[in-house]
Amino acid sequence: MASIFVLQVLLVTMIYGLPALDAVVFGHLREHPELYNQVFVLVLILPGLLPSTLLMFATPLVVLDAMKPIEAARESVLVLLASPGALAAVLAVTVALIAIALLWGYGLLFLPFAPWFGLMAYCAYRDVFGAPATPHP
């Protein structure tokens with residue numbers, strides 16, 4: 001999953017230069033006000049959507065099924081590529097939520113939706129891989 005972040009940072013740095021690297025990696029966005037806009041945020045986020053969606057099952061497979069990370073990533077990609085409709089639906093909902101969040105408050109409204117992504121991935125994992133529900137204590 002860290003490789004997705006590296007890809008995003010490399011692409012945004014190639015487009016915007018070293019100020020983008022400083023803003024994204026070191027958090028110095030206030031020192032680069034020219035980057036404080038929705039286009040910059042979109043350029044940063046959009047390249048990671050497809051790879052992160054393709055790897056959405058990797059974490060549950062590693063944590064819950066004790067699969068090796070490379071095997072889990074491979075399995076996640078294969079499952080989602082075998083179901084292009086599901087892949088398109090997840091991407092569409094994700095893009096819609098990101099668009100809504102960016103239209104109001106420069107992405108701050110994305111924060112309430114963030115848990116949805118984790119919950120969605122877990123529910124989809126249970127559906128796809130037939131995992132039983134986690135028992136209540």
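No experiment lies behind these values; they were computed from the predicted model shown.
L7 and M56 fall into different hydrophobic clusters, where Ile, Leu, Val, Met, Phe, Trp and Tyr are joined by side-chain heavy atoms under 4.5 Å apart, directly or via other members. V77 and V6 are assigned to two separate hydrophobic clusters, defined by single-linkage of ILVMFWY side chains at heavy-atom distances under 4.5 Å. Linking ILVMFWY residues whenever their side-chain heavy atoms come closer than 4.5 Å, directly or via other members, leaves L10 and L49 in distinct clusters. When hydrophobic clusters are built by joining Ile, Leu, Val, Met, Phe, Trp and Tyr residues whose side-chain heavy atoms come closer than 4.5 Å, directly or via intermediates, V128 is grouped together with V93. One hydrophobic cluster, built from ILVMFWY side chains closer than 4.5 Å, holds both M67 and V63.
Of the inter-residue distances, the one linking L81 atom CG with S76 atom OG reads 9.0 Å to the nearest 0.5 angstrom. Here the straight-line distance linking atom CD1 of I45 with atom OG1 of T94 works out to 11.5 Å at 0.5 Å rounding. The structure places CG of L54 at 5.5 Å from CG of L87, a figure rounded to the nearest 0.5 Å. With rounding to the nearest 0.5 Å, the separation of NE2 in H32 from CG in L21 is 9.0 Å. To the nearest 0.5 Å, the span separating CG on L64 from CG on L61 amounts to 8.0 Å.
Through ILVMFWY side-chain contacts below 4.5 Å, L78 is grouped with nothing and stands alone. Hydrophobic cluster membership for V62: none, as no Ile, Leu, Val, Met, Phe, Trp or Tyr side chain comes under 4.5 Å of it.
In this structure, the side chains of I15 and F40 stay at 4.5 Å or more apart for every pair of heavy atoms. Counting heavy atoms from C-beta outward, V43 and L11 have side chains that stay 4.5 Å or more apart. Considering only heavy atoms from C-beta on, V39 comes within 4.5 Å of Y16 through its side chain.
With S83 contributing its side chain and L80 its backbone, the two residues share no donor-acceptor pair below 3.5 Å. A donor-acceptor pair under 3.5 Å links the side-chain atoms of T13 to the main chain of V9, judged by distance alone. In this structure, the side chain of T53 does not engage the main chain of L91 through any donor-acceptor pair within 3.5 Å.
Residues L42 and P47 come closest through the heavy atom pair O-CD, 4.0 Å. Nearest approach of G48 to I4, heavy atoms of both residues: CA-CG2, 3.8 Å. Nearest heavy-atom pair, V12 versus A20, reported as atom, atom and distance to 0.1 Å: O-CB, 3.7 Å. In this structure, A72 and A58 approach most closely via the heavy-atom pair CB-O, 3.6 Å.
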Inset, instruction - Take F5 and V24 through the side-chain contact (heavy atoms from CB on, under 4.5 Å) test and state the conclusion after the steps. - result: CA-CA 10 Å; F5 177 68; V24 174; 3.9 Å; yes
Inset, instruction - Give the intermediate values and the outcome of side-chain contact (heavy atoms from CB on, under 4.5 Å) for residues F129 and E75. - result: CA-CA 11 Å; F129 294 96; E75 184 70 22; 3.8 Å; yes
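Side-chain atoms of Y125 and D65 include a donor-acceptor pair closer than 3.5 Å.
Open room surrounds CD1 on I70; 12 or fewer heavy atoms of other groups in view lie less than 6.0 Å from it.
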